[in-house]
Amino acid sequence: MTTNIAVLVSGRGSNLQSIIDNIESGYIKEAKISVVISDVGDAYALERARNHGITDVFIDPSDYSGKQEYEKEIMQVLEDNDVDLILLAGYMRLVGKDLIAAYSNRIINIHPALLPSFKGLHAQQQAFDYGVKVSGCTVHFVDEGMDTGPIIIQNCVPVLEGDTADDLAGRILEQEHKIFPEAVRLFVEGKLKVEGRIVVHT
Ligand code: GAR
């Protein structure tokens, strides 16, 4: 059975691209990106979707009275597209409780730091400014907290002498493009089991 995926984005969409490429190459099998949804009208990610014949939808949060109404519209689009799995690929909003409840353990986020360190925005800059010697990225299920859900995969990278925050972000991004598709493949193949906070790879 094909897993129908929705990818939520806000920006350039390089992680979206890595998922598209890994589906097209056959690394992720039995999966299809049914829709890409953005909260930003001119997000380059939308163009990437169109380039691959994927339905793209811009939902403007400012058209809605609040988060709940805005996410109701997202849920309608998810339902219309028979979505089984939601990926947050550079989606810069906290997901509300109704959407999380509707897709419990079926929403996966990529975060550019080794959680639980450096949650929230500009995680690479936060890690760089803190002076860590190792950072990395985390793929995790989404729960009601900010970047607190059960961890699926992490990879680490060194912070090298003379690095800028941008150098570090680039090194982390390379790893993001590996572990996000890997996590999606495991999910699609039914190989992830959530036991409390622990994700077991079966
Ligand atoms: C990625 O580094 C992703 O980890 C990060 O935004 C970037 C999006 O890049 N996400 C967050 O910071 C979420 N809190 P992309 O649009 O090229 O995939």
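Counting convention: from 1, in listed order, for ligands and their atoms alike. As the structure is a prediction and not an experimental result, all values here were calculated from the model.
Heavy-atom contacts of P112 reach the following atoms of ligand 1: 2 (O), 4 (O), 5 (C), 10 (N), 11 (C), 12 (O) (cutoff under 4.0 Å). Residue-ligand proximity, E176 to ligand 1, at heavy-atom distances under 4.0 Å covers atoms 1 (C), 2 (O), 3 (C), 4 (O). Per-residue contacts place S14 under 4.0 angstrom from the following atoms of ligand 1 (heavy atoms of the residue considered): 15 (P), 16 (O), 17 (O), 18 (O). Residue contact check: Q124 has heavy atoms under 4.0 Å from atoms 2 (O) of ligand 1.
Note: L94 CG to M146 CE = 6.5 Å, rounded to the nearest 0.5 Å. Interatomic distance, CD of Q68 versus CE of M75, reported as 8.0 Å (0.5 Å rounding). Of the inter-residue distances, the one linking N155 atom CG with R171 atom CZ reads 13.5 Å to the nearest 0.5 angstrom.
Shortest contact from atom 14 (N) of ligand 1 to any protein heavy atom: H111 ND1, 3.8 Å. Looking from atom 16 (O) of ligand 1 to the surrounding protein, the closest heavy atom is G13 N, 2.8 Å. Scanning the protein for heavy atoms near atom 8 (C) of ligand 1, the closest one is G90 CA, 3.6 Å. The single protein non-hydrogen atom nearest to atom 13 (C) of ligand 1 is M92 SD, 3.9 Å, given as residue, atom name and distance.
Considering backbone and side-chain atoms together, R12 places an N or O closer than 3.5 Å to an N or O of ligand 1. Residue N15 has at least one N or O atom closer than 3.5 Å to an N or O atom of ligand 1.
Looking only at atom types and distance, the side chain of S18 has no donor-acceptor partner in the side chain of D21 under 3.5 Å away.
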Tabulate below the donor-acceptor pairs under 3.5 Å that side-chain atoms of residues 47-54 make, not counting sequence neighbours, or state none.
{"from": "R48", "atom 1": "NE", "to": "R12", "atom 2": "O", "distance (Å)": "2.6"}
{"from": "R48", "atom 1": "NE", "to": "G13", "atom 2": "O", "distance (Å)": "3.2"}
{"from": "R48", "atom 1": "NH1", "to": "Q17", "atom 2": "OE1", "distance (Å)": "3.3"}
{"from": "R48", "atom 1": "NH2", "to": "R12", "atom 2": "O", "distance (Å)": "3.2"}
{"from": "R50", "atom 1": "NH1", "to": "D56", "atom 2": "OD2", "distance (Å)": "2.7"}
{"from": "N51", "atom 1": "ND2", "to": "E47", "atom 2": "O", "distance (Å)": "3.4"}
{"from": "H52", "atom 1": "ND1", "to": "E24", "atom 2": "OE2", "distance (Å)": "2.7"}
{"from": "H52", "atom 1": "NE2", "to": "Q17", "atom 2": "NE2", "distance (Å)": "3.2"}

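At least one donor-acceptor pair closer than 3.5 Å links the side chain of K29 to the backbone N or O of G26.
Partners of N105 under the side-chain contact (heavy atoms from CB on, under 4.5 Å) rule, at least two apart in sequence or in another chain, are F141, V194.
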